[in-house]
Protein chains: 2
Amino acid sequence: MKIDPDSNAGLSAQIAKSIRDAIISGALIVDERLPSEAELAEHFDVSRPTIREALKRLAAQSLIRTQRGAFGGAFVRHLSYEDAREQLVTTSTLLLSMNGISFDTACEARFALERACAPMAAQRRGPEQLAIMRAEIERQIEPGLTDEAFCASDVKFHRALVDGAQNPVLSYQLSGSIEAMQPLMNMITFTARSRAEIVEIHTGILDSIEARDAELATKILQQLEDVTKRLAYSVIDAKAVAHSKKALTDAARVSTD
Amino acid sequence: MKIDPDSNAGLSAQIAKSIRDAIISGALIVDERLPSEAELAEHFDVSRPTIREALKRLAAQSLIRTQRGAFGGAFVRHLSYEDAREQLVTTSTLLLSMNGISFDTACEARFALERACAPMAAQRRGPEQLAIMRAEIERQIEPGLTDEAFCASDVKFHRALVDGAQNPVLSYQLSGSIEAMQPLMNMITFTARSRAEIVEIHTGILDSIEARDAELATKILQQLEDVTKRLAYSVIDAKAVAHSKKALTDAARVSTD
DNA sequence: AGACTTTTAAATGTCTGACAAATGAAAATC
DNA sequence: GATTTTCATTTGTCAGACATTTAAAAGTCT
């Protein structure tokens with residue numbers, strides 16, 4: 001195999017790409033063993049550390065797993081929903097935090113997608129999803145609950161709703177939207193009053209899903225989006241006020257120095 | 001920093017996780033320079049190759065970029081939409097191909113999400129998106145077009161539709177659904193008749209989006225889902241027939257041996 | 001003094017060689 | 001025949017070295 005040593009991509013990156021393409025194209029199938037590091041090193045005409053760096057890149061993407069010992073080696077990994085979800089959440093979270101995505105934009109996207117699941121969930125939800133939603137609502141009315149725990153429960157509730165659609169691809173895609181918003185949601189302080197409001201909405205969603213009323217469920221989800229945005233605005237406004245107050249204070253202090 | 005050498009996770013994996021967490025938590029901000037490999041090696045009390053493997057893992061996830069030379073090093077990378085999209089498509093494609101997802105399931109998820117974008121696209125689409133959709137429809141009626149090119153144009157058309165919602169998060173999330181289905185779509189042979197049918201539907205979508213008719217656009221997208229599934233079924237059926245014919249032939253040959 | 005060239009130090013990229021640890025197969029032993 | 005031991009294979013890790021790149025610093029010329 002020819003690897004261009006003059007490319008500025010780096011040898012290990014090129015080798016990783018080469019193997020990755022083979023996996024994606026299906027030339028290497030699940031659980032198939034790759035050649036040993038020594039063989040790969042000879043094949044690509046590079047040293048073993050370089051091969052190892054390439055393999056680590058693939059391992060980071062959950063494309064391969066490695067096993068030590070005789071008859072060990074690198075194997076094409078079966079990409080599970082859990083692995084895929086984890087990567088999606090990581091990437092989505094970073095994307096939101098690094099690109100200055102407004103709460104509004106993220107919230108709009110998330111609820112638009114979630115509303116798309118509602119009709120399917122209303123039609124197909126099983127008793128497990130209803131049970132989870134009910135349990136999480138119970139949890140959300142516990143008095144001593146921290147904001148983080150409230151958010152975590154909120155995520156579980158909505159994941160159960162999405163899972164109700166009984167479409168694993170949908171569950172996977174939505175987890176990126178729902179869980180990636182958790183850091184943003186965690187910035188909100190949930191007052192007793194706003195919690196009660198959310199719990200009431202959640203109860204409405206649960207009831208409508210249980211009653212297989214797709215239209216109502218969609219409508220209540222729209223309400224939840226509005227309430228969530230309103231809550232976020234109040235937090236942002238409070239911060240803006242705090243900032244300008246601080247700015248004023250700072251300015252006053254400087255002027256008296 | 002203490003790294004547990006007895007953990008079966010592997011040193012480089014643990015170190016990668018440690019740095020990754022720091023990036024995700026915001027302790028390391030964009031464009032911040034990480035310590036040099038030598039310093040990291042000393043800090044984590046491991047050798048430089050081990051540090052390098054850890055850094056390659058992070059590079060594979062587009063979390064860092066490296067720069068050679070004096071004052072070079074590893075920098076926290078600004079995760080662009082393009083990078084995130086690329087990773088999402090890779091992961092989604094593998095997820096579909098490795099978990100025996102039926103065309104039905106993938107198709108249902110994709111169109112459910114796409115329909116969620118339609119109302120927003122109808123309301124906010126700009127002239128750019130309309131132009132792209134129009135251009136791709138023109139392309140799709142070219143006579144000599146291969147099936148692959150037809151699929152590729154189809155993807156562009158639908159991406160333009162989603163982009164019309166003017167929500168980058170939505171565009172990002174949907175690209176995973178739309179592009180990851182391309183390998184599945186490529187298995188379909190598009191007859192002149194089915195192409196005409198699809199082009200007609202695409203035209204209907206374009207017109208309804210241009211007319212800001214959200215309801216009509218959603219309805220036509222539902223039609224497209226039905227047509228797409230029907231097309232896929234015919235391909236699957238044809239293959240099933242071919243298989244059973246082959247099985248019969250094989251059986252006949254065996255019995256005469 | 002200012003613009004250009006050269007030097008130099010710092011950092012990543014890569015290689016060689018070595019040893020440790022895990023692991024399953026094969027051989028040896030009871 | 002079942003159990004234990006040995007052994008070869010393969011990944012995990014380390015140490016040290018050299019090559020290459022890069023930008024700052026020093027030097028040089030106009």
Side-chain angles (χ1 to χ4, degrees), chain A residues 1-20 23 28 31-78, chain B residues 1-20 23 28 31-78:
Chain A
M1 180 74 60
K2 308 254 180 65
I3 295 293
D4 179 11
D6 296 336
S7 166
N8 39 2
L11 291 179
S12 72
Q14 291 176 64
I15 292 167
K17 177 168 169 35
S18 171
I19 299 175
R20 179 163 41 237
I23 294 175
L28 295 169
D31 286 335
E32 184 168 340
R33 182 179 174 280
L34 273 64
S36 72
E37 294 178 354
E39 286 172 304
L40 286 171
E42 191 180 7
H43 181 245
F44 286 108
D45 199 27
V46 296
S47 68
R48 197 162 82 97
T50 302
I51 288 291
R52 282 186 62 78
E53 287 180 8
L55 293 180
K56 293 311 162 200
R57 296 178 115 107
L58 300 177
Q61 292 184 302
S62 305
L63 295 182
I64 60 169
R65 66 189 154 79
T66 56
Q67 200 174 340
R68 297 227 288 212
F71 297 81
F75 296 83
V76 178
R77 183 168 178 180
H78 178 96
Chain B
M1 181 74 58
K2 308 253 181 68
I3 294 292
D4 179 12
D6 296 336
S7 165
N8 36 1
L11 291 179
S12 72
Q14 291 177 64
I15 292 167
K17 176 166 170 35
S18 171
I19 299 175
R20 177 161 44 237
I23 295 175
L28 296 170
D31 286 335
E32 184 168 341
R33 182 178 173 280
L34 272 62
S36 72
E37 294 178 354
E39 287 171 303
L40 286 172
E42 191 179 6
H43 181 246
F44 286 108
D45 199 28
V46 296
S47 68
R48 196 159 82 93
T50 303
I51 289 291
R52 282 186 61 78
E53 288 180 8
L55 293 179
K56 293 309 163 201
R57 288 176 187 266
L58 300 176
Q61 292 184 303
S62 304
L63 295 182
I64 61 169
R65 67 189 154 79
T66 56
Q67 200 174 339
R68 295 229 290 213
F71 297 80
F75 297 82
V76 178
R77 182 168 177 179
H78 178 97

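Naming convention: chains lettered A, B, ... in sequence-line order (proteins, then strands); numbering from 1 in each chain. Every heavy atom of this structure was used, including side-chain atoms; hydrogens, water molecules and symmetry mates were not.
For B/S36, the side-chain contact (heavy atoms from CB on, under 4.5 Å) criterion is met by B/R33, B/A38, B/E39, not counting sequence neighbours.
As rounded to whole Å, 12 Å separates atom P of C/dT16 from atom CG of A/L11. The distance between atom CD of A/Q67 and atom P of C/dA25, rounded to the nearest whole Å, is 11 Å. When the C1' atom of C/dC15 is taken as reference, atom CG of A/L40 falls 17 Å away, rounded to whole Å. Rounded to an integer number of Å, the gap from CZ of B/R52 to P of C/dT12 is 8 Å. The CD1 atom of B/I51 sits 15 Å away from the P atom of C/dA11 (whole-angstrom rounding). Atom CD of B/E39 is separated from atom P of C/dA11 by 6 Å (rounded to the nearest Å).
OP1 and OP2 of C/dG13 both lie 4.0 Å or more from every side-chain N or O belonging to A/S12.
Residues A/F71 and B/G72 both approach DNA chain C. Their nearest nucleotides, taken by heavy-atom distance, put B/G72 toward the 5′ side. In terms of position along DNA chain D, the nucleotide closest to A/G73 lies nearer the 5' end than the nucleotide closest to the other residue of the pair A/G73 and B/G69.
Within a heavy-atom distance below 4.0 Å of DNA chain D, the residues of residues 53-62 of chain A found are A/K56.
Between A/L63 and A/R77 there is no side-chain heavy-atom pair separated by less than 4.5 Å. With a 4.5 Å cut-off on side-chain heavy atoms, A/L34 and A/I19 count as touching. Looking only at side-chain heavy atoms (C-beta outward), A/D31 and A/V76 stay at 4.5 Å or farther from each other. Taking 4.5 Å as the limit, some side-chain heavy atom of B/R57 sits within range of a side-chain heavy atom of B/S12.
Counting heavy atoms of neighbouring residues, nucleotides and ligands inside a 6.0 Å radius, atom CD of B/E32 exceeds 12 of them.
The residue B/R33 sits close only to the backbone: its heavy atoms come under 4.0 Å of sugar-phosphate atoms, none of a base.
Put simply, chain A comes within 4.0 Å of DNA chain D, heavy atom to any atom, from D/dA8 to D/dT13, going 5' to 3'.
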